[in-house]
Amino acid sequence: HTVSLALLDPRSPQTPTALGTAVLQPNGVAEFPGIQIQEPLDGYRFYAELGQVVATSEPFEVLPGAATSYVITVLPERVIAGEPWSFQFELRDEYGFLVTTNSHSTFQTDLRQGSLSFNYSVRAQRGIVTFNIPSYTKAEELVFDVLRAGEVVVANLRVLVEPAAVHHL
């Protein structure tokens, strides 16, 4: 006997996606090696058919994989000396999905070019890392890396700190 297996996506549960077929073994087991579900989502179900017998699994969640890339989403080219600014990046898995399960990771800045203190540390929040810089008071170009557990994950970020405007009374 042949067992057919399909995936039910919670966004379109009436349209199963075929995953493959397997021969039912004498012990009642049908194996489907190599199945991959690449999109993280909660509520997937498996749907299996063996002749007139149909079975649907309980809903399950597919989580993103480990972070394999760090995508800059906010990085100003220029900021004004003495004013707050921020930069941000996202943790993405090998398929490009946001890694929301990695909130325990801590990231630090490592200044490579610049003369004032620039040591900041933040945690990822649902796959997004935001550094809020209260101010940098010297007009100069900053070049810095972002580290995680001592290893560079985002390199050579550049921000030009411009002098504040002179105000006359």
Side-chain angles (χ1 to χ4, degrees), residues 6-17 19 33-46 57-169:
L7 182 68
L8 298 174
D9 185 317
R11 296 167 297 193
S12 56
Q14 303 307 317
T15 311
T17 301
L19 296 175
I35 289 177
Q36 292 186 2
I37 303 172
Q38 296 178 351
E39 186 173 358
L41 190 63
D42 191 13
Y44 284 115
R45 291 176 183 257
F46 284 121
S57 73
E58 290 297 316
F60 62 92
E61 181 176 11
V62 173
L63 299 172
T68 58
S69 65
Y70 304 87
V71 179
I72 298 292
T73 55
V74 175
L75 180 65
E77 289 181 26
R78 301 177 188 310
V79 297
I80 303 298
E83 292 188 5
W85 58 280
S86 64
F87 69 95
Q88 184 177 83
F89 61 91
E90 296 175 343
L91 286 65
R92 297 285 175 164
D93 71 6
E94 67 180 302
Y95 301 106
F97 294 105
L98 189 64
V99 180
T100 58
T101 57
N102 209 351
S103 61
H104 62 279
S105 295
T106 301
F107 296 84
Q108 300 86 28
T109 57
D110 182 31
L111 188 61
R112 297 180 60 223
Q113 177 182 316
S115 56
L116 301 179
S117 176
F118 191 75
N119 298 317
Y120 298 96
S121 179
V122 298
R123 288 189 179 274
Q125 299 292 321
R126 300 202 42 78
I128 298 173
V129 178
T130 303
F131 283 86
N132 292 307
I133 311 302
S135 73
Y136 190 88
T137 57
K138 186 172 182 182
E140 63 183 349
E141 183 179 45
L142 300 177
V143 179
F144 56 97
D145 298 334
V146 175
L147 303 135
R148 176 177 168 209
E151 293 190 30
V152 174
V153 294
V154 181
N156 291 321
L157 298 174
R158 296 177 180 273
V159 174
L160 180 61
V161 181
E162 296 182 332
V166 177
H167 297 284
H168 297 283
L169 297 178

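Remember, predicted model here, so these are calculated numbers, not experimental data. Just the heavy atoms: all of them, side chains too, but no hydrogens, waters or symmetry mates, feed the values below.
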Contact summary for [X] and [Y], nearest pair of heavy atoms:
| X | Y | answer |
| --- | --- | --- |
| F107 | A124 | CE1-CB, 4.1 Å |
| A149 | Q108 | N-OE1, 4.4 Å |
| A139 | P163 | CB-N, 3.6 Å |
| A164 | A81 | CB-O, 3.9 Å |
| R158 | L75 | O-CD2, 4.1 Å |
| T100 | R126 | CG2-O, 3.5 Å |

Return yes if some donor-acceptor pair links the side-chain N/O of [X] with the main-chain N/O of [Y] below 3.5 Å, else return no.
| X | Y | value |
| --- | --- | --- |
| Y120 | I133 | no |
| Q38 | Y95 | no |
| R45 | S57 | yes |

Whether F87 and F131 hold their rings parallel, tilted or perpendicular, with breakpoints at 30° and 60°: parallel
So for atom CD, which belongs to E151, do other residues, nucleotides or ligands contribute more than 12 heavy atoms lying within a distance under 6.0 Å? no
Hey, which of E77, R78, E140 is the one that makes side chain to side chain contact (heavy atoms under 4.5 Å, CB included) with L160? R78
Hey, which of V153, V152, V154 is the one that makes side chain to side chain contact (heavy atoms under 4.5 Å, CB included) with L147? V152
So do [Y] and [X] actually touch side chain to side chain, heavy atoms under 4.5 Å?
| X | Y | result |
| --- | --- | --- |
| S86 | N132 | yes |
| L7 | F46 | yes |
| V159 | W85 | yes |
| N156 | D145 | yes |
| V79 | V161 | yes |
| L91 | Y70 | yes |
| P59 | Y44 | no |

Just do the side chain to side chain contact (heavy atoms under 4.5 Å, CB included) check on V122 and T130 with the steps written out, would you? CA-CA 7 Å; V122 298; T130 303; over 6 Å; no
Nearest-0.5 Å distance that lies between atom [atom1] in [X] and atom [atom2] in [Y]:
| X | Y | atom1 | atom2 | result |
| --- | --- | --- | --- | --- |
| L142 | R112 | CG | CZ | 12.5 Å |
| T137 | L116 | OG1 | CG | 5.0 Å |
| L157 | I72 | CG | CD1 | 4.5 Å |
| L63 | T101 | CG | OG1 | 6.0 Å |
| T68 | E94 | OG1 | CD | 6.5 Å |
| D93 | E39 | CG | CD | 10.5 Å |

Carefully, step by step, assess I37 and F60 under the rule side chain to side chain contact (heavy atoms under 4.5 Å, CB included). CA-CA 12 Å; I37 303 172; F60 62 92; 4.0 Å; yes
Between R92 and L98, does a side chain to side chain contact (heavy atoms under 4.5 Å, CB included) hold up when you go through it step by step? CA-CA 5 Å; R92 297 285 175 164; L98 189 64; 4.0 Å; yes
